[in-house]
Each structure stands twice: as C-alpha cells, then as structure tokens.
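Here the structure is a predicted model, which means the values were calculated and not measured. Throughout, a chain's letter reflects where its sequence line sits, starting with A, and its residues are numbered from 1.
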Amino acid sequence: MNNMNKESNYKTTAAIQASLKKRHAAERRFQWYGRSAVLTGFIFLCILMVDIVGKGSPAFTQHFIKVDVIFDRETLGIHASATPADIAQADYSAAIKSSLRTMFPDVSTRVGKKSLYRLISVGAQYSLRDMVVENPALIGTTREIWLLAHSEAGSYLKNQVSKDSPESERKIKDIQIKWLETLREEGRTESRFNRSFFTSGDSREPEMAGIKAALYGSFYTLLVTFLLAFPIGVMAAVYLEEFAPRNRLTDLIEININNLAAVPSIVFGLLGLAVFINFFELPRSAPLVGGIVLALITLPTIIITSRAAIGAVSPSIYQAAMGVGASKLQTVVHHVLPVAMPGILTGSIIGMAQALGETAPLLMIGMVAFIMDVPSGVTDPATVLPVQIFLWADSPERGFTEKTSAAIMVLMGFLIIMNALAVFLRKRFELK
Amino acid sequence: MQGLKKMNIFAAEAKQKSVPNEETNPSHVDARLDIRHHGDVTDYQTIGSPFVDDAKMSARNVDVFYAEKQAIIDVSLDIGRNEVLAMIGPSGCGKSTFLRSLNRMNDIIPICKVSGQITLDNVNIYENDQDTVLLRARVGMVFQKPNPFPKSIYENVAYGPRIHGLAHTKAEMDEIVEHSLIRAGLFDEVKDQLDKPGTGLSGGQQQRLCIARAIAVSPEVILMDEPCSALDPIASAKIEELIDELKEKFTIAMVTHSMQQAARVSQRTAYFHLGKLIEVGDTKDIFTIPRHQLTENYITGRFG
C-alpha cells in the first residue's frame, strides 16, 4: 500500500516535470505573440505619424517675397479727392503687377508677365489695401513690403519641387524658378510661421486657406452633441440600470440600443436630412443639425458604457447606503454615480471622439459646403475638421496636400486634448 | 462530474449582483445535517423561549421565499429591548435572510418574498404605508464585509445624519460625527485624519467606522450580519467589546459563525437550521444544556 503510494507520487512528480518545459515554452511563445502584436501596432502608428507630420509640417510655415511696391496714384486709380471708400476699392493688384514689372524690366511677353504675377498670392492685394486704408500717407511713395508668395512659388521655396525635373511635370516654370533664385540671392524671400492657417477660413487659394472655420464648426457641433448626448445618455443608462423593471419591453429597448450602436453612421445622416432639415426645417449645413445627428450616433455608445460602469459598482455600496436609510435616488446620485463616473466619462469621451471624426453623416446634411467665414453660432453654415480634410484631400492643387496633413495634425491634437481632459477628470473623480 | 457542473452553475448564480449566495440554495447544504428532523414544513415546533415580555421587534410566522425556494420556514421570534440576540447555525440556514428581513433589506432582491408579520414597536413593518427609508433609519445595519463609502471618514459618518436632516449646523454635525466615532471606539485612532478616505483604514477600523456610520443616525435596533467574519481575533475582540457597550442604548441582533462570540456577547441565542428556528433561549442555557439534538450537535462541533 505504502509502496504503491510512493510510486504514484513519484509518477506524478515525473509527469509534471516532463510537462513543465512544454508549459513554460507555451507561455514564452504567448508572450512573444503579444509583444510582436504590440510592436506591429506601434510600428504602424509610427509610420502614420511620421508620414503625417512630415507632410503636414511645411503647412505651418509660408514664404513671403519682399517687393518694392510703388503706391502710384494713377496705377491705383485714386484721385486727389478720393474718399476712404474709394481707397478701399482701388486696384491694388495693378500696383503689385507694375511693381513686379519694375523689378524685372526684361519681361515683355504676355505669358511671361502672367508667370511673373503668379509669384505673388492673389491675397496679397488685400493686405496692401488694409495697409493703405490704415495709412493713406503711403499713396505716392515706394515701400519695401513683404508680400505672401503664391502657393506654387512657396512650394518651390520650401524645396518641395526639384529644379531638375522636366518642366512639363511641374506647375512652376523654369523662368519663375530663375526669378525666385534671384530673389532668394538678394535676400528678398523669407519663411515665416503660417499664422493665417489658424486665423482664416477655407479658400480656393492654398496659401490663404486656414482651418479656423472648420475648427469652430467642429467645436460648435461637438458642443451640441455633448449637451444632448451626455445628459440623455447618462439618464437613460441610470434609469435602465437602476429603476426600470426587467421585462420584455426593457429587454427590447436594450436589444435596440445595442443594435443602434452598430448602425452605419450614414444612415443617421439620412435621418437627419429627412427629419431635421426636411421636416423640422432646421437650417442646412448648421452645427445644430450636425450636433443632433452626431448625438444620435453617440447615444448608444454612451448608454452602453455608462450602464456597464453603473453595473460594475459593488453591491456593498448599495447595501451600505440603503442600510443608513438612503432612498434609491439618493443611493444612486450620492454613491453609485460618483463611483461609476470615471467609466461613464471614458465612455462619453470615446463617443465624443467618434463624433469628432465622423464625416459621412455630415455630408448628408450639407456640412460639406465651401465655408470661408468662421461660424458665430450653432445655426451658421459651417463645416467640421474631418469634412475640411476630405475637401482639401479632394483638391488638385499641390498646396492643399500639406494643408490636408496639417489639418489631420490639428484634428489629432483636438483628440489628444479631449483624451487628456478625460484622464484629468477621471483622476479627479477617483481621488474623491 | 455532473455534480461538479451543477456547483459551477451555482457559483455563477451566486456571482450575480445582490443575490446572497448561501441562502438562495439551501438545498445544496449537506443532507446529513438533517439527522433527526425530517418533519414536514408545518409540524415543527421551536424549542425554548422565542417570546419575551418587552419585545422591541417581533416576528410571527415569517416565511421568506427566493422565487420558488423557501429560505425561512414559519419563524416566530422576539428581540427584547436592549438585549443582544445572537443567531447561529450552519451556512445556508437562513439566519442572514431572517436578519435582512428585519429592516426589509431583502426588498432590493426582486425575487424575494416575505410573508408573515414582523413588528417594530408593535407596528408591522411590512404594511404598505411603512416607508423603508424611515424603517432603515430606525433599524440600522452592519454588514459582513466592512463597506465604508469611498469618501472621507467624516463623510462616511455624516452621510446618514445629513440625508435625514438630523444636523442643522456644521457644529451639530461635527458633534454627531465625533460622538459616533467615540461610541464606536474609533475616534482616538482617526481624529487627525477625518478627511482621509475611509477605505484606507484597516479592516477592523473599517468595520468600526461602519458601526459609527450606523449609530450616527441614532437607530433603535442595530442588525449585524457576521460583523467579525472578515477580521482577525484582536479586531474582533474590539468589536465584541463595542457591542457589549452598545446594548445599553440599542437593541442588537447579530448573526455569527463563532459560537464563542455568541456566548460572550449575547443574552439570548437562536439556533437556525435549514430555514427553521430550532431552538431559542438564554445564551448560557443554549450553550450549557441544549435541548434539541441538532443544537447540541452544532455547538459541540459535531458539524458546522
């Protein structure tokens, strides 16, 4: 008997020892799978970031060309008795053109002149106008003024175009390259931080296009989304999780919420178009409608994550609160919600991030329009960051390529700020 | 093999929120325990003295069901004023269920049904016009596992008085908090860290904080559900001392698995078995001359 026991003990030990190597190997293998998965993800992320930052960072600078601008009364078309209104309507583009001709007197053909004028941005005349309106004493003088370069010229000055490539394959002509080189040698070109990218709206000219309008549009849209989705979502979750009876109706509601989370977002866009714009006649292209539609898309996410967070609160908290005589509502508001709040916030931020990146439904309700003006409220026509990216990515001009990447960088910055906010709020709630 | 599977299902069920694990399945308690008592549901008689003259709470013919399963069978029992009543018995015997029906804590569980009559100062607490908020303020509870709120020590104690509006000024609230902590024998240990989270205290301190929280609303009865089961002997001893002091002012009903504890702190002891109240009597009688064979088996350690 004793012997048999000993023998079986020995057998057990031997069997376990024999299998140990295999088990450890399996564990090591599994760890390596995990590591390589993380590494792969990380590499893709790095490639993406490097690509976007590499393409987008030139958009944050722009080139200026110093031109000796001749504020000639005749060229400008300003009479001695001109009113400020006349000054504002003068032909500043003609002044730039004649100044350029003076700088490069040997250009005589029409095509040559046209190429010469294309060194300077179309927008430069407006900055000249503003200068003269502010200071009419400039009229009749000649000043050295830094004018915004045309996007093609800027692109060359940023060394994005190779001089050696065949002329037919690039938009900038050999003769323009020669002029730009001359200007560069004379110290008449300068790279500056592109402030207008953050202070102006969209434009047909890449060098003048900015994201301020889209940024504000996104902000107003998300504001509407948050104000609608967060309270409604959290209250629905609290009611369904804590107060609603468990019966067929609530089961049906739960199934529907889960299904809604999986509905393609463009369907919500159609709904927004049909219900909010066509039936309720809310303004088209407005952050208000966009916000409502995005709130509908975000609601299931917020409800599901909030319910999970509330459901995860330990029953001992309920018992403790009930035990001292708290009512159900007091239990939920004073104890359950504060404990569940980090989870609810995480879910809401995920929902908001999803809403921030949403494009398709907004196309349906007309937020894809070309908007130059910064919206001043939720009913003004607006576009949002992802739609702006979509629009720019669609544009053929080379200057928009870098703007696209730069806008993606801004969008990601927006996302990082939102996530940081979520982490901050979570920490605050957890400390209490 | 099949039995194992079944156990797993039970374990899974027990994990579900707010369903107490043992009481729901009295049937899986070892059948051997029921050696002497095979009787029908109705034909058993509680031995001893379940009734007292000056009862604070009294239960009459109480049955408790979890869905189809009957967890408490026809229990009648009085809890005397300013006495400590200990309830003992093997796991799954229904003592916790009975305790929780005394302040309608079972209401949280949707499948739980209580019938019979339970009175507090001669008023049936299961009447429709009885508000559980008021009832639970009058009948406080301390749980098996210390469960302080994830808030500061001060807030833990102040919460009850605050929601019931017992203090009108900050000074009054401070007074209540300090007084409750002193009564719970915790004040000296925590007086410098009242703003620290209650969850940061040791297990024994947490349980005393929970007692302080319970007495802060000045209840008339305190129910304790195995208050020392998660504590070491030193912390348990402190709680026992505390219970002994608290009975001067409160009526206490406690469930315990420790027979020494029951013998030390209680005046009367009730022995439950498979949902039935087998024997009640003065603690010293129960532990010295038990009259029912099951009681004797249990207290002599033949099982349980």
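- Counted within 6.0 Å of CZ on A/R248, heavy atoms from surrounding residues, nucleotides or ligands total 12 or fewer; the atom is thus considered open.
- Residues A/I317 and B/P150 meet the side-chain proximity criterion, which asks for heavy atoms closer than 4.5 Å.
- Nearest heavy atom pair, residue B/H164 against residue A/V324, reads NE2-O, 2.8 Å.
- Ranked by heavy-atom pairs under 4.5 Å with chain B, the list A/G323, A/A320, A/A326, A/A321 is led by A/A320.
- Side chains of A/Q319 and B/R100 form a contact here, defined as non-hydrogen atoms less than 4.5 Å apart.
- Annotation: the span from B/D107 atom CG to A/M322 atom CE amounts to 9.0 Å, rounded to 0.5 Å.
- No side-chain heavy atom of B/V133 sits less than 4.5 Å from a side-chain heavy atom of A/Q330.
- For B/F187, the CZ atom sits in a packed shell: over 12 heavy atoms of surrounding residues, nucleotides or ligands are nearer than 6.0 Å.
- Listed by chain and number, the residues in a salt bridge (charged side-chain N to carboxylate O under 4.0 Å, His left out) with B/K247 are B/D244 (sequence neighbours excluded).
- With chain A as partner, the option from B/R138, B/K145, B/M105, B/E155 having the largest number of non-hydrogen pairs under 4.5 angstrom is B/M105.
- The aromatic rings of A/H335 and B/F149 lie parallel to each other, their planes meeting at an angle below 30°, with 60° marking the opposite boundary.
- Here the closest non-hydrogen pair linking B/N147 and A/S316 is ND2-O, 3.1 Å.
- Under the salt bridge (charged side-chain N to carboxylate O under 4.0 Å, His left out) criterion, A/E254 pairs with A/R307, not counting sequence neighbours.
- Open room surrounds CZ on A/F44; 12 or fewer heavy atoms of other groups in view lie less than 6.0 Å from it.
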